[in-house]
Asks: 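My questions all concern the structure below.
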Amino acid sequence: MSNVILGKNQYGKAEVRVVRVKRDTDRHEIADLNVTSQLRGDFETVHTEGDNAHCLPTDTQKNTVFAFAKKGISSPEDFLLGLAEHFTSGWDWITGGRWEAEQYSWDRILVNGEEHDHSFVRNGSETRTAVVVGDGDTRTVIGGLHSLTVLKSTGSEFVGYEKDKYTTLPEATDRILATDVAVRWRYNTTDLDWNATYDSVKALLLEGFAEKHSTALQQTLFQMGEKVLNAHPEIDELKFSMPNKHHFVVDLEPFGLENPNEVFFAADRPYGLIEATVQREGAALDEKAWEGIAGFC
Ligand SMILES: O=c1[nH]c(=O)c2[nH]c(=O)[nH]c2[nH]1
């Protein structure tokens with residue numbers, strides 16, 4: 001006879017990253033949640049006897065989050081109340097639980113002052129950066145930003161790529177494109193309204209991300225840089241590092257639900273990593289100015 005007993009316990013799936021796109025009209029809406037579901041009740045024998053009869057798998061809890069997202073996410077509170085009701089009403093040994101969500105809020109990207117229908121920027125996300133490199137009397141200024149998180153819920157495809165025996169990725173004609181923009185740009189002057197220029201560059205980057213159909217994140221990156229260089233003769237090059245934050249369409253068919261690009265699993269890793277320099281043709285390069293700035297090629 002053991003004198004060891006089971007104390008308080010709960011279990012579930014943590015941090016289910018679900019993105020719900022409402023696409024009934026051309027003006028999409030997105031809800032982006034990080035959901036944790038944990039069940040409380042009589043799970044005694046699961047722990048003490050190795051009997052899983054009372055164990056509703058954490059995988060099932062995750063699937064339930066995705067399946068419930070199909071109904072729509074009007075608020076995290078209502079979404080969690082729905083989960084609580086579902087889990088506590090279905091099994092007599094599940095007497096309670098804890099359901100938690102973080103919601104990430106997104107603003108619409110402005111293109112020519114107009115709110116875009118399906119391109120979004122995570123609000124308050126970015127960090128502005130600046131570097132000054134001195135070499136003798138010369139000063140080089142490098143502006144930049146990172147963690148500018150953007151997403152378009154349509155207007156992005158990835159097809160026609162090279163395939164070998166290890167390629168399993170299906171071609172996508174309509175996918176979510178999302179990234180955290182990290183970019184630094186080199187000025188060819190030291191006399192400028194830095195704040196106004198920063199605001200303009202950021203707005204142009206966002207417009208460049210939003211406005212054109214994307215065939216690959218590489219192409220979108222180039223268009224973002226091109227837009228900045230066309231509008232700002234005082235900038236000669238931009239170096240970008242952008243993760244391709246994959247959003248996988250969740251297979252809801254096992255639950256008898258269709259999923260025409262509405263419910264996504266936002267994976268955090270691995271991610272694609274797209275890096276490139278976009279330069280003004282003929283402009284003098286300044287490799288020295290970039291020395292010591294890690295993470296850009
Ligand atoms: O925009 C993309 N570029 C890639 O190089 C790539 N590779 C991949 O698997 N998906 C994508 N998407």
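Each ligand, and each atom within it, is numbered from 1 in the order the structure gives. Numbers here are sequence positions counted from 1.
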Asks: Should N123 and W106 be marked as a side chain to side chain donor-acceptor pair (under 3.5 Å) after you check the CA-CA gap, both sets of side-chain angles, and the distance that decides it?
Replies: CA-CA 5 Å; N123 76 9; W106 296 82; over 6 Å; no

Asks: Would you check if the distance from the ring center of F248 to the ring center of F264 is below 6.0 Å?
Replies: no

Asks: With a 6.0 Å cut-off on ring centres, are F68 and H86 close enough?
Replies: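 Ring centroids of F68 and H86 are less than 6.0 Å from each other.
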
Asks: Aromatic ring centroids of W194 and Y187 under 6.0 Å?
Replies: yes

Asks: Has R20 got a side-chain atom pairing as donor or acceptor with K70's backbone, closer than 3.5 angstrom?
Replies: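 Answer holds: yes.
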
Asks: Do other residues, nucleotides or ligands put more than 12 heavy atoms under 6.0 Å from L169 CG?
Replies: yes

Asks: So if I only count non-hydrogen atoms and take anything under 4.0 Å from ligand 1, which residues does that give, chain by chain?
Replies: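 Under the 4.0 Å cut-off, ligand 1 touches F158, L169, R175, A216, L217, Q218, N244.
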
